[in-house]
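Whatever order the structure lists ligands and atoms in, that order sets their numbers, starting from 1. Everything numeric in this text was worked out from a predicted model, so none of it was measured.
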Amino acid sequence: MFKSILIANRGEIACRIIRTASRMGLRTIAVYSRADAKGQHVQEADEAHEIGPAPAAQSYLRADRILEVAQRTGAECIHPGYGFLSENAEFAESCATAGIVFVGPPPSAIRAMGLKDGAKALMRAAGVPVVPGYDGECQDEAVLAEEAQRIGFPVLIKAVAGGGGKGMRRVDGAEDFADALAGARREAQAFFSNDRVLIEKYISSPRHIEMQVFGDSHGNAVHMFERDCSLQRRHQKVIEEAPAPGMTAEVRAAMGAAAVTAATAVGYAGAGTIEFIADGSQGLRTDGFWFMEMNTRLQVEHPVTEAIIGRDLVELQLRVAAGEVLPFTQDDLAINGHAIEARLYAEDPANGFLPSPGPVAWLDFPKCEGIRVDAGVVNGGEVTSYYDPMIAKIIAHGADREEALHRLANALNDTIVAGPRCNVAFLRRLIALPHFVHHKFDTGTIERHLADLASFSETSSLPAIALGAAALVAQRAGNLIQCDGNPWDANDGFQLSPKRSLTEKFASNGKLHEVELFTTGGIFGGVLSGVRQIARAHSLHWRNESGELRAFIHGDIAYVLQNSLQTEVSRYDPSQGAGAQGGEGDGVIRSPMHGKLIALFAADGESVARGQRLAIVEAMKMEHVLVAPRDGVVSRISVAAGAQVAQGAEIMTIGENGGDVKNG
Ligand code: ADP
Ligand code: ADP
Ligand code: MG
């Protein structure tokens with residue numbers, strides 16, 4: 001076995017690899033970008049080395065720098081995790097050239113499965129069922145449109161180099177084809193520098209069911225059963241489980257055999273996943289699943305497989321990479337119980353799932369039976385805007401699906417994320433959705449129920465604002481006790497009388513609120529629209545009297561959690577307006593988040609119509625289109641395409657027709 005390992009990744013997956021490698025006695029070497037200097041993986045590794053600035057292209061994708069660190073530190077192997085360099089055949093080759101073992105499949109297997117069209121052709125030849133469609137050479141629009149007609153709508157246009165759900169468009173009729181094709185190509189070019197596409201039949205009631213496979217360098221290959229990843233939003237997985245609900249022994253055997261055939265056809269070694277799309281309209285059938293693609297790496301959702309088979313896939317990856325024979329055969333593997341994983345993202349479901357990076361005011365996960373949490377952020381850490389917004393994965397294992405689901409629900413209820421907005425409340429609703437509970441779901445289920453899953457009422461924030469205001473005042477008083485010894489000397493407006501009160505202005509969600517604050521016997525409270533809340537100190541945060549609301553203070557902001565929903569409250573600062581968004585009527589176009597301006601569609605002096613696209617801001621894996629709030633003329637463009645923008649940064653102004661802008 002190796003004595004040292006370099007982990008060419010970050011976040012939860014780097015931490016997860018470090019855990020197993022340390023347990024096996026390997027010296028762990030982390031690399032990090034400047035944005036991650038205080039990252040969790042940096043702290044958990046035995047040593048850590050900076051490899052460049054924050055953007056991945058200048059750090060985590062810099063194969064040369066990573067190899068240089070590996071050689072300098074004497075790393076015997078490199079684990080690429082997922083994303084970044086994990087499916088990069090040249091990187092795997094460079095490792096070999098440098099005499100360092102790449103923990104992954106042979107470069108030839110990565111290459112064979114790298115492009116979706118080539119992979120499909122190969123699989124067809126190997127006798128694996130593939131989704132019917134067109135994956136030929138010709139990329140003429142007319143030919144593609146004709147092929148779509150022949151396949152029959154609905155069809156799916158896919159970037160051959162695609163990944164992470166990017167470069168994909170569903171088309172329901174011929175009239176929409178040209179637009180969809182242009183969109184898919186544009187995205188494919190931007191993300192993968194390759195605008196080639198293929199066309200597939202869109203499978204009805206689609207279920208995403210994938211098979212974990214494992215091979216060694218001695219010609220052995222097994223499958224480790226399936227995972228159902230049908231709960232997706234925009235083709236990205238949200239919930240994954242194993243085994244798949246409704247799976248029969250017969251279909252599993254057929255899918256498993258197809259997966260092993262696929263892996264063997266490319267001489268696979270190590271961990272890989274064969275993704276199938278299954279027609280779920282009449283239950284799973286042996287002739288109702290088709291190969292979509294192979295992911296030649298460890299998958300985000302591998303823990304559900306680990307849970308049901310009771311083995312550590314990273315340990316197996318290391319053993320196989322070190323040349324060992326797989327320590328079991330297919331017949332040694334069995335399914336134990338059921339496991340479900342939920343991906344916890346720093347994003348705001350109530351606001352179009354916009355990524356929500358920033359400092360973490362509080363983060364706490366429950367420690368209970370059957371629950372595993374793989375996190376890449378810790379209390380006091382930060383979610384940066386440069387990478388994937390995933391905070392953690394919460395994995396529940398139980399004797400059966402019902403128990404796993406029950407445990408996951410409890411774990412989500414007890415998960416605390418304050419600071420970044422996150423999707424916990426959305427996840428809680430999602431796993432309680434009757435369609436999911438009674439396993440009548442497909443990849444469109446989230447989209448169809450989005451209105452119920454992602455809308456949260458504003459009125460429920462009144463108590464939260466009252467508590468947040470009280471907590472801010474209580475915190476200030478507490479700080480004064482520590483600093484000055486006597487809070488009542490402070491010039492904070494409270495008068496010396498048994499019960500004192502005053503009204504102060506607070507901002508929350510871009511709106512101004514006048515909160516009546518009172519104090520009595522050292523306890524602080526707030527009243528807003530008749531709703532009264534008292535802030536009680538409770539291990540480094542504040543609670544209301546029932547304990548249902550909790551306020552976490554970071555800097556000048558109180559993050560109040562109620563039922564997994566967060567309300568941010570801060571003192572009103574007249575120089576800042578009521579919040580970062582600013583007024584709607586001023587015509588100033590601001591970035592809704594920290595990110596990168598990837599496209600600018602308007603020029604100075606140009607007339608635009610209300611609703612017209614102006615720019616695209618991208619953060620992590622999410623694109624956000626900025627549209628004109630009114631008819632007008634563009635002026636004051638202050639950011640160039642390609643530039644990094646901060647949340648609230650002014651991008652341009654849409655003046656009244658005529659060009660002149662009111663004081664903005
Ligand atoms: P999985 O099936 O393991 O979820 P994904 O295709 O969703 O696979 O990608 C896994 C991870 O790889 C993502 O979370 C992300 O970090 C990274 N990744 C993959 N493709 C892309 C992409 N096109 N853009 C950005 N990140 C990507
Ligand atoms: P990526 O490389 O981005 O992961 P995939 O080919 O794996 O791309 O497809 C991503 C998702 O899109 C799948 O998980 C599935 O939900 C959906 N999808 C892909 N192909 C089809 C299809 N032919 N019919 C219906 N849905 C599909
Ligand atoms: Mg996929």
- Message: Counting only heavy atoms closer than 4.0 Å, does ligand 2 sit against the backbone of I203, its side chain, both, or neither?
- Response: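 Near ligand 2, I203 shows its backbone as well as its side chain.
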- Message: With a heavy-atom distance limit of 4.0 Å, tell me whether K237 approaches ligand 2 through its side chain, its backbone, both, or neither.
- Response: neither
- Task: May I ask you to establish whether R207 and F441 are in a cation-pi arrangement, using a distance under 6.0 Å from NZ or CZ to the six-membered ring centre and at most 45° from the ring axis?
- Result: yes
- Fit a plane to each ring of H435 and H449, take the angle between them on a 0 to 90° scale, and name the class: parallel (under 30°), tilted (30 to 60°) or perpendicular (over 60°). tilted
- In terms of ring plane angle, is the pair F276 and F289 parallel, tilted or perpendicular, where the classes change at 30° and 60°? perpendicular
Using a 4.0 Å cut-off to any heavy atom of [X], which atoms of ligand 2 qualify?
X	answer
G162	2 (O)
H208	13 (C), 14 (O)
T443	16 (O)
L156	18 (N), 19 (C), 20 (N), 21 (C), 22 (C), 27 (C)
K116	1 (P), 2 (O), 5 (P), 6 (O), 8 (O)
G163	1 (P), 2 (O), 3 (O)
Q232	11 (C), 13 (C), 14 (O), 15 (C), 16 (O)
V131	23 (N)

Sub-3.5 Å N/O-N/O distance, [X] and ligand 2:
X	value
G165	yes
Y202	no
G164	yes

- Query: Is the closest heavy-atom distance from M168 to ligand 2 below 4.0 Å?
  - Reply: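 Within the 4.0 Å threshold, so yes.
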- Item | Identified salt bridge (Lys or Arg N to Asp or Glu O under 4.0 Å) counterpart of E306 within the set R311, K393, R227, R16 | R16
- Query: Around E402, counting heavy atoms of other residues, nucleotides and ligands shown, do more than 12 lie under 6.0 Å from its CD?
  - Reply: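 Incorrect, the count does not exceed 12.
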- Do S564 and R428 pass the side-chain hydrogen bond (donor to acceptor under 3.5 Å, both in side chains) test, and can you show the C-alpha distance, the side-chain angles, and the key distance before you say yes or no? CA-CA 9 Å; S564 309; R428 285 177 57 181; 2.7 Å; yes
- Message: For N/O/S atoms only: which one belongs to E275 and is nearest the Mg ion (ligand 3)?
- Response: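 Answer by atom name: OE1.
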- Could you tell me which N, O or S atom of E293 is nearest to the Mg ion (ligand 3)?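 Among the N, O or S atoms of E293, the one closest to the Mg ion (ligand 3) is OE2.
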- Mind checking whether F426 and F353 have ring centres under 6.0 Å apart?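 For F426 and F353, the ring centres are under 6.0 Å apart.
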Is any NZ, NE, NH1 or NH2 atom of the basic residue among [X] and [Y] found under 4.0 Å from an Asp or Glu carboxylate oxygen of the other?
X	Y	result
E341	K237	no
K120	E293	no
R448	D442	yes

